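Taking it in order: structure first as structure tokens, then the write-up.
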Amino acid sequence: MIYSHIFPNISVSMASYSSDSDNDLAPRSKLLGRQRPIHSVLGGGRVADILLWRDKRFSAAILIAVAVMWFLFEIVDYTFVTLLCHVSITTMLVVFIWSASADIFGWTPPSIPKDILQDTTFEDVASILHKKFNDFLSIFHFVACGNDAKLFFLAIISLYILSVFGNYISTLNLLFFGLLCVETLPFLYEKYEEEVDDTAYKLKRQMRKMCRKFNADFLGKIPRGPAKERKEK
């Protein structure tokens with residue numbers, strides 16, 4: 001205790017080094033401190049299967065469809081109305097040719113699947129969208145009220161960074177890049193989970209060391225006056 005008053009910087013340095021040695025023995029945590037598998041974090045349902053490429057055909061079809069839409073709107077300069085009209089014309093021609101050729105070649109005439117025509121299909125879709133929207137509003141209200149300060153500031157910073165990128169990237173490119181990341185990053189993380197967690201742990205540990213070193217070498221050397229004793233009234 002006597003040496004700590006004479007050499008305050010030494011005590012700070014020793015504390016930092018001892019804490020670093022403690023971190024070497026500490027168990028390595030998952031990315032972002034999660035405890036559940038990535039499939040469970042993503043909901044564990046059909047969406048999680050698509051994002052993690054459990055159904056490779058469906059996931060690839062979504063990725064190809066998004067890439068084609070981006071190519072048509074960004075490269076070919078299609079407008080939404082023009083593309084919708086051209087797709088409708090093509091669909092009508094295909095249905096007409098199919099229907100006219102059905103009697104000649106003995107094919108099954110085209111028909112709309114019964115699952116689409118059922119009222120329960122639209123009710124299920126509306127129910128899912130309504131539930132997701134309510135969940136989003138609940139999370140937004142919880143964060144906006146400041147119940148989780150860390151998540152509040154993280155959301156503010158993320159939205160600000162997104163707004164900055166929006167000034168330099170078109171909305172279409174930003175949406176395409178976001179969908180591309182959503183479609184690929186969870187799959188790549190699950191495939192290389194151990195490597196990513198290990199790298200994230202090393203970066204986090206290195207940042208802590210740098211902060212402690214900065215505190216010991218610079219902030220710890222700033223002279224501070226004696227604390228004033230509070231006067232009792």
Side-chain angles (χ1 to χ4, degrees), residues 37-140 158-159 161-193 196:
I38 185 66
H39 187 268
S40 178
V41 172
L42 294 176
R46 180 66 172 171
V47 176
D49 293 338
I50 294 173
L51 296 180
L52 297 176
W53 289 69
R54 302 291 173 84
D55 189 350
K56 292 183 173 57
R57 293 183 178 180
F58 197 72
S59 300
I62 292 178
L63 186 60
I64 292 173
V66 171
V68 170
M69 293 293 291
W70 173 83
F71 177 80
L72 292 175
F73 285 123
E74 186 68 20
I75 306 301
V76 186
D77 289 334
Y78 256 107
T79 61
F80 179 75
V81 175
T82 303
L83 180 62
L84 183 62
C85 292
H86 287 180
V87 170
S88 300
I89 291 172
T90 304
T91 304
M92 291 179 66
L93 290 174
V94 170
V95 172
F96 173 76
I97 295 172
W98 186 358
S99 178
S101 303
D103 296 334
I104 299 175
F105 298 99
W107 295 343
T108 303
S111 60
I112 301 176
K114 295 181 179 180
D115 294 338
I116 299 178
L117 295 177
Q118 291 179 356
D119 294 337
T120 55
T121 302
F122 294 96
E123 292 176 358
D124 293 340
V125 173
S127 177
I128 293 173
L129 294 177
H130 182 262
K131 183 178 182 302
K132 296 297 183 182
F133 184 71
N134 285 342
D135 293 341
F136 171 76
L137 286 181
S138 300
I139 296 173
F140 180 82
S158 301
L159 291 174
I161 293 175
L162 188 62
S163 67
V164 172
F165 278 109
N167 292 328
Y168 301 97
I169 304 176
S170 65
T171 304
L172 183 62
N173 287 333
L174 190 60
L175 288 175
F176 174 70
F177 180 74
L179 290 173
L180 184 64
C181 291
V182 169
E183 187 77 10
T184 55
L185 291 182
F187 168 73
L188 294 175
Y189 173 70
E190 187 184 41
K191 187 175 182 180
Y192 303 102
E193 182 176 356
V196 174

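Computation of the quantities below employed the complete heavy-atom set of this structure, encompassing side-chain atoms and omitting hydrogens, waters and symmetry-equivalent molecules. Note that this is a predicted model, so its numbers are computed, not measured.
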Under 3.5 Å, side-chain donor or acceptor atoms of residues 56-66 against the rest of the protein: list the pairs with distances, not counting sequence neighbours.
residue, atom, partner, partner atom, Å
S59, OG, I50, O, 2.7
S59, OG, D55, O, 3.1

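- When every heavy atom of P110 is checked against every heavy atom of S99, the shortest pair comes out as CD-CA, 3.9 Å.
- Residues W107 and W98 share a closest heavy-atom pair of CE3-CD1, 4.0 Å.
- Taking every heavy atom of both residues into account, N173 and I169 meet most closely at CB-CG2, 3.4 Å.
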Per-pair distances, 0.1 Å, donor-acceptor, side chain in residues 83-97, under 3.5 Å, sequence neighbours excluded:
residue, atom, partner, partner atom, Å
H86, ND1, Y78, OH, 2.9
S88, OG, L84, O, 2.8
T90, OG1, H86, O, 2.8
T91, OG1, V87, O, 2.7

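- Once rounded to the nearest 0.5 Å, the distance linking CZ of F176 with CZ of F73 reads 13.0 Å.
- Rounded to the nearest 0.5 angstrom, M69 CE and L179 CG are separated by 11.0 Å.
- Residues satisfying the salt bridge (Lys or Arg N to Asp or Glu O under 4.0 Å) test with D77, not counting sequence neighbours, are none.
- Within the model, atoms CG of L180 and CG of L175 stand 12.5 Å from one another, a figure rounded to the nearest 0.5 Å.
- Remark: the backbone N or O of E183 is paired with a side-chain donor or acceptor of W53 at under 3.5 angstrom.
- Remark: of the listed residues D135, L129, L137, L137 is the sole one forming a side chain to side chain contact (heavy atoms under 4.5 Å, CB included) with F133.
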